[in-house]
Amino acid sequence: QVHLVESGGGLVQPGGSLRLSCAASGIIFSIYTVGWYRQVPGKQRELVAQITSGGSTNCADSVKGRFTISRDNAKNTVFLQMNGLQPEDTAVYYCNTQRRVLIDQWGQGTQVTVSS
């Protein structure tokens, strides 16, 4: 089975930083485009950043300049470096491949809370 395990979330003050990790098993992660998504209760899950198998990246306008997505194929892991965190970044963060998004399969996510 495919398992994607998110970690690295926590409670930080505005302006703080976190690095999220997404460790994959049961999948050759390196060949897939992977996205980080976030969801707030009562709101639709939104795409935050993506990275392709070739390493090309894009981020949502709301996080450009603050978040960086990267991957370490040897470790079968995708990262999200989050700097300059703001209260509106508070959400559960998930990583996923496009394939799994289409079939609506998700991991547990990791909670990010930004509060003063």
Side-chain angles (χ1 to χ4, degrees):
Q1 291 183 332
V2 173
H3 296 283
L4 303 180
V5 180
E6 301 94 341
S7 63
L11 173 64
V12 297
Q13 295 188 40
S17 298
L18 288 171
R19 181 182 289 271
L20 307 185
S21 297
C22 175
S25 61
I27 185 174
I28 305 174
F29 213 23
S30 62
I31 69 173
Y32 293 98
T33 292
V34 178
W36 281 98
Y37 303 76
R38 65 187 181 188
Q39 187 168 37
V40 177
K43 293 186 177 181
Q44 191 171 14
R45 185 182 282 112
E46 65 172 327
L47 177 65
V48 176
Q50 283 186 316
I51 185 166
T52 70
S53 61
S56 298
T57 63
N58 64 275
C59 296
D61 288 342
S62 60
V63 305
K64 283 184 179 178
R66 299 189 298 119
F67 291 11
T68 303
I69 188 169
S70 62
R71 68 197 308 165
D72 186 336
N73 291 334
K75 294 181 171 61
N76 224 32
T77 302
V78 172
F79 304 96
L80 185 68
Q81 177 66 46
M82 305 187 296
N83 300 324
L85 285 162
Q86 303 168 16
E88 51 265 41
D89 296 316
T90 295
V92 178
Y93 284 71
Y94 304 86
C95 68
N96 218 347
T97 66
Q98 290 281 45
R99 175 186 174 90
R100 287 170 58 84
V101 170
L102 288 172
I103 60 177
D104 199 29
Q105 292 188 355
W106 302 86
Q108 297 299 308
T110 185
Q111 176 71 50
V112 172
T113 302
V114 186
S115 177
S116 59

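The residues of the chain are indexed from 1 along the displayed sequence. Computed from a prediction, not measured in an experiment: that's the story for all the values here.
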Might you confirm whether atom [atom1] of [X] has over 12 heavy atoms from other residues, nucleotides or ligands at distances under 6.0 Å?
| X | atom1 | value |
| --- | --- | --- |
| I31 | CD1 | yes |
| Q108 | CD | no |
| E88 | CD | yes |

To the nearest 0.5 Å, tell me how far [X] [atom1] sits from [Y] [atom2].
| X | Y | atom1 | atom2 | result |
| --- | --- | --- | --- | --- |
| S21 | R71 | OG | CZ | 13.5 Å |
| I51 | S56 | CD1 | OG | 8.0 Å |
| Y37 | Q39 | OH | CD | 12.5 Å |
| K75 | S30 | NZ | OG | 14.0 Å |
| T57 | K64 | OG1 | NZ | 9.5 Å |
| E6 | C22 | CD | SG | 5.5 Å |

If you compare all heavy atoms of [X] against all heavy atoms of [Y], which two are closest, and at what distance to 0.1 Å?
| X | Y | result |
| --- | --- | --- |
| S70 | R19 | OG-NH1, 4.5 Å |
| S17 | N83 | OG-OD1, 2.9 Å |
| L80 | A49 | CD1-CB, 4.2 Å |
| G35 | L47 | CA-CD1, 4.1 Å |
| N96 | Q105 | ND2-O, 2.5 Å |
| L18 | L85 | N-CD1, 3.9 Å |

Point to revise | Verdict with supporting geometry, F79 and L20, side-chain contact (heavy atoms from CB on, under 4.5 Å) | key: CA-CA 5 Å; F79 304 96; L20 307 185; over 6 Å; no
Point to revise | Residue among I69, V112, D89, T68 satisfying side-chain contact (heavy atoms from CB on, under 4.5 Å) with M82 | key: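 Answer to the side-chain contact (heavy atoms from CB on, under 4.5 Å) test with M82 among I69, V112, D89, T68: V112.
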Point to revise | Any side-chain heavy-atom pair of V78 and C95 under 4.5 Å | key: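 A side-chain contact under 4.5 Å is absent here.
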Check your understanding: How about S115 and L11: do any of their side-chain heavy atoms sit closer than 4.5 Å?
Key ->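 Yes - at least one pair of side-chain heavy atoms lies under 4.5 Å apart.
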Practice item. May I have the step-by-step check of side-chain hydrogen bond (donor to acceptor under 3.5 Å, both in side chains) for Y93 and R38, ending in yes or no? Key: CA-CA 4 Å; Y93 284 71; R38 65 187 181 188; 2.9 Å; yes
Check your understanding: In terms of hydrophobic clustering (I, L, V, M, F, W, Y; side-chain heavy atoms under 4.5 Å; direct or indirect links), are V12 and V63 co-clustered?
Key ->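 Yes.
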**Study point:** Connected via hydrophobic side-chain network under 4.5 Å: L102 and W106
**Key:**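 L102 and W106: separate clusters.
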Practice item. Indicate whether the side chain of T77 and that of D72 have a donor and an acceptor atom separated by less than 3.5 Å. Key: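 Per modelled atom types, T77 and D72 side chains form no pair under 3.5 Å.
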With a 3.5 Å distance limit and no angle check, can you tell me whether [X] reaches the backbone of [Y] through a side-chain donor-acceptor pair?
| X | Y | result |
| --- | --- | --- |
| R100 | L4 | no |
| T90 | T113 | no |
| S53 | Y32 | no |

Check your understanding: Do R45 and Y94 meet the cation-pi criteria used here (NZ or CZ under 6.0 Å from the six-membered ring centre, within 45° of the axis)?
Key ->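 Relative to the ring axis of Y94, which defines the angle, R45 lies inside both limits.
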Exercise for review: Give a yes or no on whether the ring-centroid distance for F67 and W36 is below 6.0 angstrom.
Suggested key: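 No, the ring centres sit 6.0 Å or more apart.
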